[in-house]
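Please read the structure below before turning to the comments.
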Amino acid sequence: MTTHTGMSPQVRLANEIAVHFHHQPPEQAATAIAEHIRAFWDPRMRTELLQRAESEPDALDPRALAAARLLTG
Amino acid sequence: MSLLKEPDLGTPAKPGPATVTVEVDGHPVAVPEGTSVMRAAALSGIDIPKLCATDSLEAFGSCRLCLVEIDGRRGTPASCTTPVTQGMKVTTQSPKLEKLRQGVMELYISDHPLDCLTCSANGDCELQDMSGVVGLRQVRYGYDGENHLDEKTDSSNPYFDFEASKCIACSRCVRACGEVQGTFALTIEGRGFGSKVSAGGTDFMSSECVSCGACVQACPTATLQEKSVVQLGMPTRSVVTTCAYCGVGCSFKAELRGAELVRMVPYKDGGANEGHSCVKGRFAFGYATHPDRVLTPMVRESITDEWRPVDWETAISYTASKLKDIQTRHGVGAIGGITSSRTTNEEVYVVQKMIRAAFGNNNVDTCARVCHSPTGYGLKQTFGTSAGTQDFRSVAKSDVIMVIGANPTDGHPVFASRMKRRLREGAKLIVVDPRRIDLVRSPHIEAAHHLQLAPGTNVAVVNAMAHVVLTEGLVDRSFVDERCEDFDAWAEFIARPENSPEAVEELTGVPAEELRAAARLYATGGNGAIYYGLGVTEHSQGSTMVMGMANLAMATGNIGRDGVGVNPLRGQNNVQGSCDMGSFPHELPGYRHVSDDVVRGVFENMWGSTLLPEPGLRIPNMFDAAIEGTFRAIFVQGEDIAQSDPNTKHVHAALAAMELVVVQDLFLNETAKFAHVFLPGTSFLEKDGTFTNAERRINRVRPVMAPKTGKHEWEIVAEIAQAMGYPMRYDQPSQIMDEIAALTPTFAGVSFDKLDKLGSVQWPCNDNAPEGTPIMHMDGFVRGKGRFVQTPFVPTRERSTRKFPLILTTGRILSQYNVGAQTRRTGNVAWHPEDVLEIHPHDAEVRGINDGDEVTLASRVGATSLRAVFSDRMPVGVVYTTFHHPVTGANVVTTENSDWATNCPEYKVTAVQVGLKNPPATADVASSEHRLPAMAD
Ligand code: SF4
Ligand code: SF4
Ligand code: SF4
Ligand code: FES
């Protein structure tokens with residue numbers, strides 16, 4: 001699904017989280033974002049995010065992308 | 001219960017130990033210093049006649065009925081204004097006193113209509129009582145002289161009358177309006193015989209009066225009287241219960257005559273309100289028995305079909321089989337539900353239990369998602385638990401009160417009255433708000449600083465305040481060293497030049513010097529307390545802001561004692577409770593994460609079912625998943641998501657996409673238009689359970705009448721769970737609370753019995769604190785050390801553009817409540833017949849808009865129309881509206897933007913354009929218009 005902003009909700013939400021961790025070094029930020037997503041997101045949203053991370057990595061903030069990759073692990 | 005009459009001790013209690021001993025008519029009594037002779041006498045069991053004194057007000061000494069004799073003192077002093085001294089000997093009855101008092105009464109009665117037998121206050125009139133008490137047998141003066149018997153009655157207020165001919169000019173009403181309510185709408189005009197009560201020279205309705213009713217309660221005669229008492233007669237029995245409107249959680253005596261509710265009288269022993277109330281709780285209860293209420297369950301196959309009334313059994317089995325069928329076809333996670341902050345803790349608890357145990361997933365969320373979820377996240381990260389730190393009483397010890405993004409006089413009126421009392425005593429006020437709320441300048445109150453920031457820049461402002469505290473050496477080092485962690489990293493961050501008031505001035509619109517002065521005042525002015533509302537949480541950085549305020553409080557040592565703290569002013573009556581009860585998809589009751597195996601094990605044992613260790617969907621995720629097709633059914637408890645949630649178009653599409661929408665509510669609301677099952681709910685007058693207010697106070701809600709629907713809401717939910725094959729059964733709501741207590745360490749000591757005994761308790765209530773915890777984090781934070789969290793300011797994506805150049809922010813007003821389903825069905829509509837758009841005259845002028853014009857309000861997602869009203873409360877470029885009427889559909893224009901951590905919608909910032917609705921041909925207005933049809937409910 002895409003919203004009128006033309007983005008999947010999961011990508012939008014992950015990016016919104018990521019901006020709030022921009023003050024941290026990338027690795028630390030990726031861990032914090034992944035932790036946040038693990039704590040608050042329903043599994044189907046995480047699956048969707050992982051798929052997006054594969055199919056359209058450019059749509060994701062680099063820190064969100066790194067976090068998504070941590071979630072697969 | 002028969003009619004509960006609370007004793008009136010004449011003058012207010014004085015603090016401190018009872019160290020002064022006096023003798024009243026030979027009876028010794030010990031009282032605190034400063035206590036009046038009248039109160040000391042009452043405490044020793046002797047009531048001195050009185051008219052102008054009552055224990056909610058400071059003594060005034062005008063009626064001279066309470067005269068006494070004191071050994072060694074000349075004359076007959078008024079006992080209400082005379083403080084006790086050690087060893088004082090008081091005589092309250094003597095022939096001389098009797099004669100004096102009869103003389104006083106004779107004068108009063110000679111100017112008072114003698115229609116006692118037909119008067120509405122017959123049996124509840126202090127003038128009548130006092131005539132008896134002083135033994136008045138004759139009135140020597142006739143009515144021939146000058147009198148007030150022809151004074152006109154003012155019936156302008158929808159709830160009470162002012163029958164001036166019965167007024168004895170005791171000024172209790174005037175003092176109640178000032179001292180208790182803090183509105184100062186009334187004065188005594190004229191002098192001596194000519195003195196009379198005046199609502200500012202006009203009638204009550206056109207005056208400053210906010211209809212709190214404090215004057216009605218204080219009036220010793222029938223002069224100020226509830227219309228309901230005039231119509232129905234004096235009540236004969238009372239039930240003590242809790243207001244179901246806002247998060248203040250006022251206690252009331254519901255006073256009935258037979259089965260009919262006559263009036264609500266605020267309860268003096270109520271911990272939250274101590275005898276005060278606002279217009280909603282005291283008067284606006286008519287919705288509970290409104291004919292619009294649906295009392296029979298209804299079902300329909302499709303939302304285009306007519307509703308079909310059915311019996312409970314059919315409704316319940318229909319719901320259960322549909323839910324199960326959808327799960328069979330689409331998976332266990334395809335269904336879920338939303339709990340309501342308007343229902344009791346017990347009702348919320350059973351809904352989340354049904355979802356987790358009977359549905360077998362964690363797709364439960366609550367309407368608190370759209371208001372205070374950032375409070376939960378932010379306070380948990382920093383302090384360790386999701387709750388305000390203080391009791392309401394604490395504000396009386398504050399020296400500097402900072403109100404951020406809240407409008408207490410409208411949203412939390414009874415707490416505002418407490419706050420205003422403290423401000424009148426000299427505490428300093430800092431208001432952080434884009435709008436000039438009433439508190440900024442009101443009778444006898446003037447904010448020391450109003451930081452009128454641009455909407456969406458809270459975090460920049462709070463960071464800049466912390467920057468000042470840090471760089472000017474105002475940090476409370478010993479508090480920080482002893483009680484907190486992660487300070488150094490935070491200090492390094494906050495000291496950066498980009499966080500200075502000068503650096504953010506242009507962005508926030510707050511002059512740097514003003515911000516610096518406010519920060520210094522908060523840090524050095526004594527006890528600093530922060531109170532905040534939805535103007536903090538409903539932003540894309542809501543959670544960051546909550547943490548920013550927590551950082552500021554910790555850095556200045558303003559946590560963990562009376563008079564300080566960080567306090568959310570919760571919107572609905574049971575927001576705190578619905579969050580406590582495990583309504584969030586990632587948390588079991590008591591804020592414990594579902595992934596915690598030990599905690600889950602405890603619940604699995606008690607509930608006899610396997611629980612999922614993964615979080616479920618939040619409300620906005622449910623909507624997204626509904627549109628994606630993976631979420632097919634929703635159970636909505638007492639919440640109008642179709643109207644109250646942002647981006648109406650998106651919400652409507654999601655609801656329309658679902659196979660089954662079950663609504664449990666009082667009225668056929670907007671959401672019910674998308675529903676297939678309607679389960680009629682109960683009003684607070686029928687409920688039996690508990691609400692938890694913004695100060696964590698658990699109050700009993702006692703049934704005033706049996707459920708008009710024939711079933712309690714918790715019964716219905718349990719029966720649905722049963723019909724789905726999960727055994728859930730309770731005989732009494734007290735059993736539900738017992739289960740909550742057994743599973744939740746912070747509630748371990750709570751039971752209905754204890755609440756009946758103590759009146760109320762504030763959680764945590766357990767072995768460590770058997771009578772509850774008024775102030776939290778006293779000897780250490782709940783999480784151990786208070787944690788400083790870095791809070792970089794990330795501006796919202798919502799920006800004003802050429803097409804949408806204005807910023808819309810939203811709020812609420814005193815007389816209405818949320819989407820208005822209740823208050824619109826009461827006399828309160830007299831104050832707020834419609835939502836209007838407040839617009840700065842400058843913004844209006846450039847658009848050719850006149851005061852009162854119909855205008856369109858458009859954002860990038862939708863448009864609506866409403867009436868424009870000029871106001872300079874907001875800065876140029878910002879417009880403001882409320883969302884109490886569905887016809888306005890204010891959420892038609894709000895967007896999908898949300899708090900990054902919790903998805904709490906960003907109601908407070910939307911880029912919009914405003915234009916004349918029927919413009920002259922050349923005017924430039926937003927084109928599309930979407931107006932919700934008027935609601936038929
Ligand atoms: S109702 Fe309240 S605000 Fe109005 S005059 Fe009476 S005390 Fe004052
Ligand atoms: S209206 Fe009632 S309270 Fe007010 S001055 Fe008259 S008698 Fe006293
Ligand atoms: S302040 Fe809130 S709880 Fe108290 S009476 Fe008013 S609406 Fe009810
Ligand atoms: S009660 Fe004391 S003077 Fe009126």
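Per chain, numbering begins at 1; letters A, B, ... match sequence-line order. What you are looking at is a predicted structure, and each value in this text was computed from that prediction instead of being measured. Any value given below was found using the heavy atoms of this structure, including those in side chains, with hydrogens, waters and symmetry copies removed.
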**Proximity breakdown for A/I17 and chain B, heavy-atom pairs closer than 4.5 Å** = both
**Message:** Do B/K908 and B/T537 have side chains that approach each other closer than 4.5 Å (heavy atoms only, starting at C-beta)?
**Reply:** no
**Prompt:** Relative to chain A, which segment of B/Y377 carries a heavy atom at a distance below 4.5 Å: side chain, backbone, both, or neither?
**Reply:** side chain
**Request:** Find the one option among B/S595, B/P792, B/S540, B/S898 whose heavy-atom pairs under 4.5 Å with chain A are most numerous.
**Result:** B/P792
**Item:** Distance in Å, A/Q24 CD paired with B/F493 CZ, rounded so as to fall on 0.5 Å steps
**Value:** 10.5 Å
**Asked** Ion pair present between A/R44 and A/E48, side-chain N to carboxylate O less than 4.0 angstrom?
**Response** no
**Asked** Side chain, backbone, both or neither: which part of A/H20 has a heavy atom under 4.5 Å from chain B?
**Response** both
**Asked** Does any heavy atom of chain B fall under 4.5 Å from the side chain of A/Q10, the backbone, both, or neither of them?
**Response** side chain
**Top of B/T791, B/D899, B/T630 for chain A proximity - count of heavy-atom pairs under 4.5 angstrom** = B/T630
**Prompt:** Quick one: are the ring centres of B/H586 and A/W41 less than 6.0 Å apart?
**Reply:** no
**Message:** Tell me if the centroids of the rings in B/F584 and B/Y591 come within less than 6.0 Å of each other.
**Reply:** no
**Prompt:** Is there a donor in the side chain of B/E798 and an acceptor in the side chain of B/T910, or the other way round, less than 3.5 Å apart?
**Reply:** no
**Message:** Less than 4.5 Å to any heavy atom of chain A: does that hold for the side chain of B/N362, its backbone, both, or neither?
**Reply:** neither
